[in-house]
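Here's the structure, in structure tokens; my notes come after.
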Amino acid sequence: MSHNNQKKIAVINDFSGFGRCSIAVALPILSVMKVQCCPLPTPIFCNQTECPSYFFEDYTSRMVPYMQEWKKLDLHFNGICSGFLGSKEQIEIVKKFFKEFKTEETQIIVDPVMGDYGKPYPTYTEEMCGEMKKLVEFADILTPNVTEACVLTDTPYKEKWKIEEIQEMAEKIHKMGPKKIAITGIVQGGFIANFCYEEGQQPKVLRTHKEGTQRSGTGDIFASIIAADAVNGVPFYKSVKKASDFIKKCIIRSQELNIPLTDGVCFEEVLGKLKTD
């Protein structure tokens with residue numbers, strides 16, 4: 001019997017037991033979109049790191065033996081989605097994973113979790129940023145926020161952007177390898193915009209009214225929907241619109257239930273809206 005009769009995506013990301021982010025988000029979202037989620041943890045947290053304290057265990061030394069067991073099972077992945085990576089060594093392991101498991105049918109989705117609000121995360125030294133640029137070369141689809149797009153293209157960060165400037169960054173990223181790029185979280189007054197760039201297509205901007213305050217985990221929701229749609233053959237722009245609309249519903253419902261910002265968004269309340277026919 002083959003293990004490869006159902007669509008599946010390998011998700012290489014951190015695992016947080018509480019806080020609705022990363023693998024804990026990808027598992028239910030990919031599942032409801034009829035794709036099997038196969039997690040490969042990077043670090044493991046008891047809760048996400050915006051909480052006052054947390055337990056943390058690095059999983060780097062276990063990642064390669066973990067991968068080797070999957071190789072023995074002859075697992076084939078329709079998609080591989082990478083998220084938060086905590087060290088240069090982890091980035092090297094992910095590159096190895098891409099090389100060993102990618103086939104002509106595999107879609108590689110890289111969510112370059114490097115920073116936000118104009119600043120890289122403390123773990124992202126100049127060396128780490130350089131290594132992430134090398135990882136981006138493997139991506140078919142890239143989903144950076146504005147901060148991450150700036151880091152990847154060596155563009156100074158600022159609060160207000162012209163769409164032409166965002167397009168220029170997308171074009172620079174495209175030259176690095178990815179055929180499809182969604183630059184997310186572009187603030188335009190009372191709107192939030194996502195910029196969709198696809199090789200051979202006219203770039204598109206998707207705007208939606210800004211709802212509440214930015215919450216953790218929304219980038220993971222976005223990348224998970226994009227990944228599932230990619231292996232399901234959904235057009236890229238349609239997928240970006242679906243992800244944006246769903247996240248907006250999640251934020252509105254989280255506000256209604258007075259969910260703390262550190263708890264992410266209560267996507268469980270509206271998860272049924274992602275079901276595919």
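These figures come from a predicted structure and were not determined experimentally.
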Can Lys134 and Glu137 be said to form a salt bridge (charged side-chain N to carboxylate O under 4.0 Å, His left out), step by step? CA-CA 6 Å; Lys134 295 176 185 176; Glu137 296 173 10; over 6 Å; no

When you look at Thr155 and Glu168, which way does the side-chain contact (heavy atoms from CB on, under 4.5 Å) test go after all the steps? CA-CA 10 Å; Thr155 302; Glu168 186 177 340; over 6 Å; no

Intermediate values then yes/no, side-chain contact (heavy atoms from CB on, under 4.5 Å), Ile91 and Met128: CA-CA 9 Å; Ile91 293 176; Met128 275 285 288; 4.0 Å; yes

One pair to check against salt bridge (charged side-chain N to carboxylate O under 4.0 Å, His left out): Arg20 and Asp263. What are the steps and the verdict? CA-CA 6 Å; Arg20 294 190 187 91; Asp263 294 7; 5.2 Å; no

Ile80/Ile9 under side-chain contact (heavy atoms from CB on, under 4.5 Å): CA gap, chis, key distance, verdict: CA-CA 5 Å; Ile80 304 170; Ile9 294 175; 5.8 Å; no

Evaluate the side-chain contact (heavy atoms from CB on, under 4.5 Å) criterion for residues Phe222 and Ser244: first the C-alpha distance (whole Å), next the side-chain angles of each, then the deciding distance (0.1 Å), finally the verdict. CA-CA 7 Å; Phe222 186 90; Ser244 302; 4.1 Å; yes

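Rounding to the nearest 0.5 Å gives a distance of 10.5 Å between CD1 of Ile173 and NZ of Lys133. Residue Thr147 holds its OG1 atom at 10.5 Å from NZ of Lys119, rounded to the nearest 0.5 Å. Note that OG of Ser31 is 8.0 Å distant from CD of Gln36, once rounded to the nearest 0.5 Å. One finds the OG1 atom of Thr218 at 14.5 Å from the NZ atom of Lys248 (value rounded to the nearest 0.5 Å). With values rounded to the nearest 0.5 angstrom, Ile93 atom CD1 is found 13.0 Å from Lys88 atom NZ. Taken from CE in Met169 to CZ in Phe195, the straight-line distance is 9.5 Å, to the nearest 0.5 Å.
Hydrophobic clustering places Val240 together with Phe246 (ILVMFWY residues linked when any side-chain heavy atoms are closer than 4.5 Å, directly or through intermediates). Residues Val205 and Val146 share a hydrophobic cluster, clusters being chains of Ile/Leu/Val/Met/Phe/Trp/Tyr side chains in contact below 4.5 Å. Cluster membership for Met176 and Tyr124, using ILVMFWY side-chain heavy atoms within less than 4.5 angstrom, is shared. Both Leu27 and Val35 are assigned to one and the same hydrophobic cluster, defined by single-linkage of ILVMFWY side chains at heavy-atom distances under 4.5 Å. Grouping the Ile, Leu, Val, Met, Phe, Trp and Tyr side chains by contacts below 4.5 angstrom, directly or via other members, places Phe56 apart from Leu85.
In plain terms, the two heavy atoms of Val231 and Lys7 that are nearest each other are O-NZ, 3.3 Å. Nearest heavy atoms, Ala139 versus Val110: CB-CG2, 3.6 Å. Across Ile141 and Phe236, no two heavy atoms sit closer than the pair CG2-CE1, 3.9 Å. Closest of all the heavy-atom pairs between Val25 and Pro28 is O-CD, 3.2 Å. The minimum heavy-atom distance between Pro41 and Ile23, with the atom names listed, is CA-CD1, 3.9 Å. Here the closest heavy-atom approach between residue Gln48 and residue Gly19 is recorded as CG-CA, 3.8 Å.
Two residues are said to be in side-chain contact when any heavy atoms from C-beta on lie closer than 4.5 Å; Ile163 and Gln188 meet this criterion. By the 4.5 Å heavy-atom criterion applied to side chains, Glu269 and Leu257 are counted as neighbours. Side chains of Glu57 and Arg62 form a contact here, defined as non-hydrogen atoms less than 4.5 Å apart. By the 4.5 Å heavy-atom criterion applied to side chains, Tyr117 and Asn145 are not counted as neighbours. In this structure the side chain of Asp74 never reaches within 4.5 angstrom of the side chain of His3, judged on heavy atoms. The side-chain heavy atoms of Pro43 and Tyr59, taken from C-beta on, include no pair separated by under 4.5 Å. Residues Ser22 and Phe15 have side chains not in contact (no heavy-atom distance under 4.5 Å, counting atoms from C-beta outward). Met114 places none of its side-chain heavy atoms less than 4.5 Å from the side chain of Pro120.
For Glu198 and Lys204, the salt-bridge test fails: no basic side-chain N is under 4.0 Å from an acidic carboxylate O. We find that Lys72 and Glu69 are joined by a salt bridge, their nearest charged nitrogen and carboxylate oxygen being less than 4.0 Å apart. Checked for salt-bridge contact, Lys96 and Glu100 meet the test: a charged N lies under 4.0 Å from a carboxylate O. A salt bridge links Lys241 and Asp245; the closest N-O separation between the charged side-chain nitrogens and carboxylate oxygens is under 4.0 Å. A salt bridge does not link Glu199 with Lys180: every distance from a Lys NZ or Arg NE/NH1/NH2 to an Asp or Glu carboxylate oxygen is 4.0 Å or more.
Between the side chains of Gln90 and Thr60, at least one donor N or O sits under 3.5 Å from an acceptor N or O. Side chains of Ser16 and Asn47: a donor-acceptor N/O pair is absent below 3.5 angstrom, by distance only. A donor atom on one side chain and an acceptor atom on the other are not found under 3.5 Å apart for Asn194 and Thr184. Under the 3.5 Å distance criterion, with hydrogens and angles disregarded, no donor-acceptor pair is assigned to the side chains of Glu50 and Ser216.
Judged by the 6.0 Å and 45° rule, Lys71 forms a cation-pi pair with Phe101.
Formation of a donor-acceptor pair under 3.5 Å by the Asp140 side chain with backbone atoms of Ile108 is found in this model. The backbone N or O of Ala227 lies less than 3.5 Å from no partner atom in the side chain of Asn232, so there is not a single donor-acceptor pair. Side-chain atoms of Thr42 come within 3.5 Å of backbone N or O of Asp14 as a donor-acceptor pair. Side-chain N or O atoms of Ser239 include none that pairs as donor or acceptor with a backbone N or O of Pro235 at under 3.5 Å. Without hydrogens or angle criteria, Arg215 side chain to Gly264 main chain gives a donor-acceptor distance under 3.5 Å.
Ring geometry, Phe77 versus Trp70: the interplanar angle falls from 30° to 60°, so the pair is classed tilted. Below 30°, between 30° and 60°, or above 60°: for Tyr157 and Trp161 the angle between ring planes is above 60°, a perpendicular geometry.
By the 6.0 Å contact criterion, NZ on Lys162 is open, its count of non-hydrogen atoms from other residues, nucleotides or ligands being 12 or less. Atom CD of Glu126 has 12 or fewer heavy atoms from other residues, nucleotides or ligands within 6.0 Å. Atom NZ of Lys210 sits in a sparse spot, with 12 or fewer heavy atoms from other residues, nucleotides or ligands closer than 6.0 Å.
With respect to Ile247, the side chain to side chain contact (heavy atoms under 4.5 Å, CB included) criterion is satisfied by exactly one of Val265, Ile221, Ile225: Ile221.
With sequence neighbours left out, His76 forms a ring-ring contact (aromatic ring centres under 6.0 Å, His included) with no residue at all. Considering only residues two or more places apart in sequence or on other chains, Glu92 meets the side-chain hydrogen bond (donor to acceptor under 3.5 Å, both in side chains) condition with Lys95.
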